[in-house]
Enquirer: 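My structure is below; once you've seen it, I'll send some questions.
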Amino acid sequence: MISGFNFAYLDEQTKRSIRRSLLKAVAIPGHQIPFSSREMPMSYGWGTGGIQVTAAVIGQTDVLKVIDQGADDTTNAVNIRRFFQKVCGVETTEQTTAATLIQTRHRIPETPLQAGQIIVYQVPIPEPLRWIESSEVETRKMHALADYGSMYVKLYEDITHYGHIATAYDYPVMVHGRYMMRPSPIPRFDNPKMHLSPALQLFGAGREKRIYAVPPYTSVKSLDFEDHPFAVEKWERICEFCGSTDSFLDEVVVSDQGDRLWICSDTDYCHQRSLSQNLSPQSS
Amino acid sequence: MITQLAGFPDPVHDAQVTFRSLLNALAHPGQVFPISPALEPPPGMTVACAAACLTLMDMDTQVWVQTGGDRAVLDWLRFHTGCRITTQPQGADFALVWDGMQVPDLAGFRWGTDEYPEQSTTLLVQVAGWDQGVEVQLRGAGILEKRAIAPPLSSQFWHHWQQMTPQYPLGVDVFLLAQTTVMGLPRTSVAEVLEMAQGAHI
């Protein structure tokens, strides 16, 4: 742990203002709360929103896991994990089940989250209606009136163009039957994991200066139509390493001839499955 | 504005531990979480309530304090948090209520606006314990199905609460604070009053 910085890097005044926003976010699930986002020692787009939320929440007894696209060993995940080791001296882990606090970019772990765990999402664009309506004044009004018809029109246009809803990630959801929310760029595959999750889900968008939350056991419904019900992606393949048939798979090009293989995106899940079958894992 | 009483012995970590209990309490309405830092609270204030004040309040917050408290509390609050004291409940970010049996009408506080429902008052209400009150069943976000609670709150309070919750997302959020424990009541919690507890006065 390095000296000269406050525990978890942020000053206490900043933590208090973020904490007040977090409490309101939990009280109004899915509603975006403005917060005074600080400059962090990494660029916007590298998870500064998630880092600030984690910094406001983390304590000495927490065990932190950080994932990027499901992996514990990619640049973003490694950097953020090291950052919190430096400024908090907390224990870290790669095991989903051992973590009390999980910061994530673009995935929800395959291993179901437990009551008492907190997952913090890094969010690039928090406003689900932003690509439909560019004005913040207007989108705020649309949320106030629960005027979400335009999003259904967008999804319907997908169906008329492609025959199905083509939105593959950041698939819009309704939270607690009231607010439309962007789940951050997780694959559509992960959306059902948010519904009635026993874990507390917190979202931080640093550049856009917004915080929102989904409390445990809260309804999170992916938008759909009666005749085009919501469905998740499916693969004809299995994971090359652990043989999983039900996890989210990454397609990896492995030769100049265009050979490819499919592997679990969640490295911990794949690792645990490989170990339990005495197979050699994809990472260790 | 002088006080003889110290604040948190370990300001950074005591505030963090207190905040986590407050966060957990609001995320799991009706469940009790511990707040027990080594803190001597000002007269008339519980340890949990004093810790919540030190954790949440600063110069950016307006605090309304119910009359009937000790003057020393205001000095303690101003000295340790730098908060501003207001006499207008409509302008309050936080409201301090001394007794769960005497919570003012919730409609008197700030409920936020349609566009900014978060600009609403958070009530810190002191209670004597977790039973002996009207038995109430909660449903809503953070509760798997339903949860029965009976904190010592007046049936008047629950009447006001039931008038408020249909106005969601507008409304106030409440922390109930006993000596060293906290329970959260976010505006999403819909309450059904089951029956009067024995000996509870209205």
Side-chain angles (χ1 to χ4, degrees), chain A residues 6-8 11-13 15-36 55-62 88 100-101 115-116 118 137 140-146 175-179 196 198-202 211-219, chain B residues 8 10-29 31 52 54-61 81-83 93-94 112-122 139-147 168-175 184-189:
Chain A
N6 191 24
F7 179 83
D11 60 282
E12 289 302 296
Q13 162 72 22
K15 283 190 208 165
R16 264 195 303 274
S17 72
I18 295 174
R19 286 168 180 168
R20 288 194 293 261
S21 298
L22 282 171
L23 292 179
K24 287 298 175 191
V26 169
I28 314 167
H31 171 64
Q32 302 160 53
I33 316 274
F35 82 109
S36 54
V57 168
I58 198 166
Q60 289 169 308
T61 56
D62 273 312
C88 300
T100 57
L101 190 58
I118 298 179
V137 175
R140 188 165 286 281
K141 210 170 284 170
M142 290 160 87
H143 283 293
L145 299 169
V175 179
H176 194 53
R178 175 57 181 82
Y179 282 102
L196 301 182
L200 171 60
Q201 306 175 71
L202 306 175
I211 280 171
Y212 51 101
V214 176
Y217 310 118
T218 298
S219 142
Chain B
F8 281 136
D10 184 354
V12 171
H13 298 114
D14 285 344
Q16 188 274 330
V17 171
T18 305
F19 169 69
R20 276 292 270 277
S21 280
L22 294 170
L23 182 68
N24 272 328
L26 216 55
H28 302 89
Q31 225 172 298
L54 294 177
T55 301
L56 298 174
M57 297 171 187
D58 56 29
M59 58 278 227
D60 289 340
T61 53
T81 71
C83 71
D93 299 306
F94 293 98
T113 62
D114 289 326
E115 297 189 358
Y116 295 93
E118 72 275 20
Q119 290 177 2
S120 54
T121 308
T122 301
R139 288 173 190 275
I143 302 168
L144 187 46
E145 202 173 315
K146 56 193 176 184
R147 179 169 291 131
Y168 180 82
L170 303 187
V172 300
D173 308 302
V174 175
F175 286 108
L185 278 181
R187 65 192 78 180
T188 46
S189 290

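Lettering of chains follows the sequences in order, A, B, ..., and the numbering in each one begins at 1. Treat the numbers as computed from the prediction; the structure is a model and nothing was measured.
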Enquirer: Considering only heavy atoms and a distance below 4.5 Å, find which of A:Thr218, A:Val214, A:Leu196 pairs most often with chain B.
Expert: A:Thr218
Enquirer: Counting only non-hydrogen atoms closer than 4.5 Å, does A:Val57 touch chain B with its backbone (N, CA, C, O), its side chain (CB onward), both, or neither?
Expert: both
Enquirer: For B:Ser120, is it the side chain, the backbone, both or neither that has a heavy atom under 4.5 Å from a heavy atom of chain A?
Expert: both
Enquirer: Indicate yes or no: at least one non-hydrogen side-chain atom of B:Pro169 is less than 4.5 angstrom from one of A:His31.
Expert: no
Enquirer: If I compare all heavy atoms of B:Gln16 with all of A:Gln60, which pair ends up nearest, and what's the gap?
Expert: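 For B:Gln16 versus A:Gln60, the nearest heavy atoms are OE1-N, 4.5 Å.
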Enquirer: Look up atom CG in A:Leu22 and atom CG in B:Leu22, then write down how far apart they are to the nearest 0.5 Å.
Expert: 11.5 Å
Enquirer: Taking C-beta and beyond as the side chain, do A:Tyr217 and B:Glu145 meet within less than 4.5 Å on heavy atoms?
Expert: no
Enquirer: Could you pull out all residues at least two apart from A:Lys15 that satisfy side chain to side chain donor-acceptor pair (under 3.5 Å)?
Expert: A:Glu12
Enquirer: For B:Met59, which atoms come within 4.5 Å of any heavy atom of chain A: side chain, backbone, both, or neither?
Expert: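 For B:Met59, the contact with chain A is made by the side chain alone.
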Enquirer: Could you walk me through whether B:Thr122 and A:Lys24 pass side chain to side chain contact (heavy atoms under 4.5 Å, CB included), step by step?
Expert: CA-CA 9 Å; B:Thr122 301; A:Lys24 287 298 175 191; 2.9 Å; yes
Enquirer: Would A:Arg16 pass as a cation-pi partner of B:Phe19, given that its NZ or CZ must be under 6.0 Å from the six-membered ring centre and within 45 degrees of the axis?
Expert: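 No, A:Arg16 and B:Phe19 do not form such a contact.
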Enquirer: When only pairs under 4.5 Å are counted, which of B:Asp58, B:Thr188, B:Leu185 shares the most heavy-atom pairs with chain A?
Expert: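 The candidate making the most pairs under 4.5 Å is B:Asp58.
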Enquirer: Considering only heavy atoms, which portion of A:Asp62 lies under 4.5 Å from any heavy atom of chain B: side chain, backbone, both, or neither?
Expert: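 Just the side chain, heavy atoms under 4.5 Å.
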Enquirer: Answer with side chain, backbone, both or neither: which region of A:Leu23 has an atom nearer than 4.5 Å to a non-hydrogen atom of chain B?
Expert: both
Enquirer: Is there a donor-acceptor pair closer than 3.5 Å between any side-chain N or O of A:Arg20 and the backbone N or O of B:Leu56?
Expert: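 At least one qualifying donor-acceptor pair exists.
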Enquirer: With a 4.5 angstrom heavy-atom cut-off, which part of B:Thr113 approaches chain A: side chain, backbone, both or neither?
Expert: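 For B:Thr113, no heavy atom lies under 4.5 Å from chain A.
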Enquirer: Quick check: closest heavy atoms across A:Pro34 and B:Glu118, and the distance to 0.1 Å?
Expert: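 So the two residues come closest at CD-OE2, 3.2 Å.
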Enquirer: Heavy-atom pairs under 4.5 Å with chain B - which of A:Gly59, A:Pro215, A:Ser219 has more of them than the others?
Expert: A:Gly59
Enquirer: If you count heavy-atom pairs under 4.5 Å between each of B:Val12, B:Asp173, B:Asp114 and chain A, which one has the most?
Expert: B:Val12
Enquirer: Which pair of non-hydrogen atoms, one from A:Pro29 and one from B:Ala141, has the smallest distance, and what is that distance?
Expert: CG-CB, 4.1 Å
Enquirer: Counting only heavy atoms closer than 4.5 Å, note whether B:Ile143 contacts chain A via side chain, backbone, both or neither.
Expert: backbone
Enquirer: Please classify the contact between A:Arg178 and chain B as side chain, backbone, both or neither, with a heavy-atom cut-off of under 4.5 Å.
Expert: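 Just the side chain, heavy atoms under 4.5 Å.
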Enquirer: Considering all heavy atoms of both residues, which atom of A:Pro216 and which atom of B:His28 are nearest to each other, and what is their separation?
Expert: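 Taking A:Pro216 first and B:His28 second, the nearest heavy atoms are CG-NE2, 3.5 Å.
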Enquirer: Examine whether an atom of A:Ala56 lies under 4.5 Å from a heavy atom of chain B, and if so say whether it belongs to the side chain, the backbone or both; otherwise answer neither.
Expert: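 When you check distances to chain B, only backbone atoms of A:Ala56 fall under 4.5 Å.
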Enquirer: Between A:Ile58 and B:Arg20, what is the shortest heavy-atom contact and its length?
Expert: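 What the structure gives for the nearest pair is CA-NH1, 4.1 Å.
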Enquirer: Measuring from B:Glu115:CD to A:His143:NE2, what's the distance to the nearest 0.5 Å?
Expert: 11.0 Å
Enquirer: B:Tyr168 and A:Ala27: which non-hydrogen atoms are nearest, and at how many Å?
Expert: CE1-O, 4.0 Å
